[in-house]
Amino acid sequence: MPPILSRDFYLHPPDVVAGQLLGKLLVRRYKTGQGSSTKAIRLAGRIVEVEAYFGLDDPAAHTFVGKTARNAVLFGPPGFAYVYFIYGMHFCLNISCEPEGQAGSLLLRALEPVEGLETMAQLRGLPSDAAPRLLTSGPGRLCQALDIRRETHNGIDVTSARSGLHVEDDGFVSGQIEVTPRVGISKAAERPLRFSLAGNRFVSR
DNA sequence: GGAGCGATGTCCT
DNA sequence: GGACATCGCTCCG
């Protein structure tokens, strides 16, 4: 089994960790089937697009207003999942970074699906032969494809194998990294904090 | 393949 | 009450 990224990996500023996270595998353990025929499978995708959010200094970040009930996870230690509900129907997944007390985070925006594509399609409400691009290209899509919800995943430790959600380094070597402005925000929209694998088809639009 | 737009719940002011 | 780190559909080229 490839090594799970440790807490130290996430200890650094978000613009640093974002680039290092590209090319790693996001892995979700998932139970499929029913009754006695249930079995555990892996839903996995390679991280191809990440946005960096700073804490109190970043007007676009959820943490800009200070610590609240919703964003409390981000003020905790690095390597924990922050899952929030947006636009009345979607979830987005972040991972906390920086030392406890500093609220940097990484927004996972797109994966290249690697394991469990049929189950991902099912979870997305698509036919099993759906185009892979439709599965995990976009922050809301990847949460739906991996069945990541606030109730089940907000606040879990992604550095522990027992969480059922973690990030692995399988030795993949990233090519060129592209850095562009972040997507879908109105404040600090010009800052180049969106990191993606150059030329990868699974990067969101 | 791109612009426009509606759906929809939660959070914070 | 308004804004929102989105998505999928329609309509148009």
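In what follows, every chain begins at residue 1, and chains take the letters A, B, ... in the order their sequences are listed.
Taken to the nearest 0.5 Å, the CD1 atom of A:I148 stands 6.5 Å off from the CZ atom of A:R28.
Residue A:H62 has a polar side-chain atom (N or O) positioned under 4.0 Å from OP1 or OP2 of C:dA5. Close to C:dC7, at under 4.0 Å from its OP1 or OP2, lies no side-chain N or O of A:R205. Phosphate contact (OP1/OP2 of B:dC11, side-chain N/O of A:T68, threshold under 4.0 Å): absent.
Computed from coordinates, the A:F91 CZ to C:dA5 C1' distance equals 15 Å when rounded to whole Å. Note: OH (A:Y87) to P (C:dG2) measures 16 Å, nearest angstrom. At whole-Å resolution of the value, CG in A:N94 and P in C:dT6 are 11 Å apart. Here C:dC4 presents its P atom at 16 Å from CG of A:L107, a figure rounded to the nearest Å. Taking atom CZ of residue A:F64 and atom P of nucleotide C:dA3, one finds them 17 Å apart after rounding to whole Å. Here the P atom of nucleotide B:dT8 and the CD1 atom of A:I86 are 16 Å apart, to the nearest Å. Rounded to an integer number of Å, the gap from CZ of A:R141 to P of C:dA5 is 19 Å. For the pair A:R149 CZ and B:dG9 P, the computed distance is 17 Å after rounding to whole Å.
Candidate nucleotides C:dC7, B:dC12, C:dC4 were compared by shortest atom distance to the side chain of A:S186, and C:dC4 ranks first. Counting only heavy atoms from C-beta on, A:I185 has its side chain closest to C:dA5 among C:dA5, C:dC7, B:dT10.
Stacking of A:F85 onto the six-membered ring of B:dG9 is not present when judged by under 5.5 angstrom between centres and under 30° between planes.
Using a 4.0 Å heavy-atom criterion, one finds that A:R194 contacts no nucleic acid atom at all. Among the heavy atoms of the strands, none lies under 4.0 Å from A:R182.
Closest-nucleotide positions on DNA chain B for A:M89 and A:R150 were compared, and the one nearer the 5' end corresponds to A:M89. Comparing A:Q144 and A:A60 by the nucleotide of DNA chain C that holds the closest heavy atom to each, the one mapping nearer the 5' end is A:A60.
B:dA7: Watson-Crick or G-U partner is C:dT6, with both key distances under 3.5 Å.
Side-chain atoms of A:H62 and A:Y82 form a donor-acceptor pair, as typed in the model, at a separation below 3.5 Å.
A salt bridge links A:R194 with A:E49: the closest approach of a Lys/Arg side-chain nitrogen to an acidic carboxylate oxygen falls below 4.0 angstrom. Ionic pairing of A:D58 and A:R182 is present here: one or more N-O contacts between side-chain nitrogen and carboxylate oxygen are shorter than 4.0 angstrom.
Using a 4.5 Å heavy-atom threshold, the side chains of A:E118 and A:M120 count as separate.
A donor and an acceptor atom sit less than 3.5 Å apart, one in the side chain of A:Y84 and one in the base of C:dA5.
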